[in-house]
Amino acid sequence: MNLQSPKVKVSKSPEAVFKALSDVKNFESLMPENISKFELLEDDKFLFALKGMPEIVLKKKEVIPPNKIVLGAAGGKIDFALTVNIDNIDDASSEVQLHFTGDINPMMAMMIKNPITKFIETLATNIPQNV
């Protein structure tokens, strides 16, 4: 399953956006309002839960400064990745888009497609105000 958020414009350089999003504790401020738990487990790993959903642990898997950060599932039943792509517009602004990729069976994909789409759209929408 492949999903992507809309692209959002951020009034900061790609380096500034990359630095902010490389610090996984900053993801707490990007989370939707229905978050029920956020816990920093390590410098590159955090746990979160949305109301009515199981806890998810994400770990930083790959970084390519200043354009790409890949967070992957750390355990759990579903193997997936959340990729943050940061594109340069000019010295003072950039464009960010989130991509979700996961190896998910078709039945499960039907059930989780809408909640995951809303989730990554919310993260993306919150980036300009919170980085």
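Scope of the values below: all heavy atoms of this structure, side chains included, with no hydrogens, waters or symmetry mates.
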query: Do Leu58 and Met53 belong together in a cluster built from hydrophobic side chains that touch within less than 4.5 Å?
result: yes
task: Tell me whether Ile112 is reachable from Met110 by hopping between hydrophobic residues (I, L, V, M, F, W, Y) whose side-chain heavy atoms are closer than 4.5 Å.
output: no
message: Show the nearest heavy-atom pair for residues Ala74 and Lys45, with the distance to one decimal.
response: CB-CE, 4.1 Å
Can you give each donor-acceptor pair under 3.5 Å made by side-chain atoms of residues 93-105, sequence neighbours left out, with the distance rounded to 0.1 Å?
from, atom 1, to, atom 2, distance (Å)
Ser93, OG, Asp90, OD1, 2.9
Ser93, OG, Asp90, OD2, 3.4
Ser94, OG, Lys12, O, 2.9
Gln97, OE1, His99, NE2, 3.4
Gln97, NE2, Ser5, O, 2.8
His99, ND1, Gln4, OE1, 3.3
His99, NE2, Asn85, ND2, 3.2
Asn105, OD1, Met107, N, 3.1
Asn105, OD1, Met108, N, 2.7

- request: State whether the number of non-hydrogen atoms from other residues, nucleotides or ligands found under 6.0 Å of Asp79 atom CG is greater than 12.
  value: no
Note, Ile120 side chain near Leu3 side chain (heavy atom, < 4.5 Å): yes
field: Beyond-backbone contact of Glu62 with Ile64, side-chain heavy atoms, under 4.5 angstrom
entry: yes
Minimum side-chain heavy-atom gap Val84-Leu123 below 4.5 Å: no
message: For a side-chain contact (heavy atoms from CB on, under 4.5 Å) check, start with the C-alpha distance between Leu82 and Val70, then their side-chain angles and the critical distance, and finish with the verdict.
response: CA-CA 6 Å; Leu82 181 64; Val70 179; over 6 Å; no
- prompt: Are any non-hydrogen side-chain atoms of Asn26 and Asn130 less than 4.5 angstrom apart?
  reply: no
message: Test side-chain contact (heavy atoms from CB on, under 4.5 Å) on Ile69 and Thr83; report intermediate values, then the result.
response: CA-CA 6 Å; Ile69 302 166; Thr83 303; over 6 Å; no
message: Listing request: all salt bridge (Lys or Arg N to Asp or Glu O under 4.0 Å) pairs with a residue in residues 26-38, at least two apart in sequence or in separate chains.
response: Lys37-Glu39, Lys37-Glu55
- prompt: Run the side-chain contact (heavy atoms from CB on, under 4.5 Å) check on Asp43 and Val24 step by step: do they pass?
  reply: CA-CA 7 Å; Asp43 287 345; Val24 296; over 6 Å; no
message: In the structure I gave you, are the side-chain heavy atoms of Lys9 and Ile89 within less than 4.5 Å of one another anywhere?
response: yes
query: Heavy-atom distance under 4.5 Å between the side chains of Met1 and Phe80, does that happen here?
result: no
message: Here's a test for you: under ring-ring contact (aromatic ring centres under 6.0 Å, His included), which of Phe48, Phe27, Phe46 qualifies with Phe38?
response: Phe46
statement: When rounded to the nearest 0.5 Å, the distance separating CD of Gln129 from CG of Leu30 is 9.0 Å
task: I would like to know whether Val63 and Lys60 meet side-chain contact (heavy atoms from CB on, under 4.5 Å); could you show each step before the answer?
output: CA-CA 8 Å; Val63 290; Lys60 204 178 339 174; 3.4 Å; yes
message: Looking at Ser36 and Ala49, would you say the former's side chain and the latter's main chain have a donor-acceptor pair under 3.5 Å?
response: yes
task: Report yes if the side chains of Val8 and Asn126 come closer than 4.5 Å at any heavy-atom pair, otherwise no.
output: no
query: What's the spacing between Asn88 CG and Ser13 OG if we round to 0.5 Å?
result: 8.0 Å
message: Using the rule that Ile, Leu, Val, Met, Phe, Trp and Tyr join whenever any side-chain heavy atoms are under 4.5 Å apart, tell me whether Leu41 and Ile35 fall into a single cluster.
response: no
task: Please indicate whether Lys19 has more than 12 foreign heavy atoms, meaning atoms of other residues, nucleotides or ligands, lying under 6.0 Å from its NZ.
output: no
field: Pairwise distance CG(Leu21) to NZ(Lys68) - rounded to 0.5 angstrom
entry: 15.0 Å
- line: d(Met31 CE, Leu50 CG) to nearest 0.5 Å is 7.0 Å
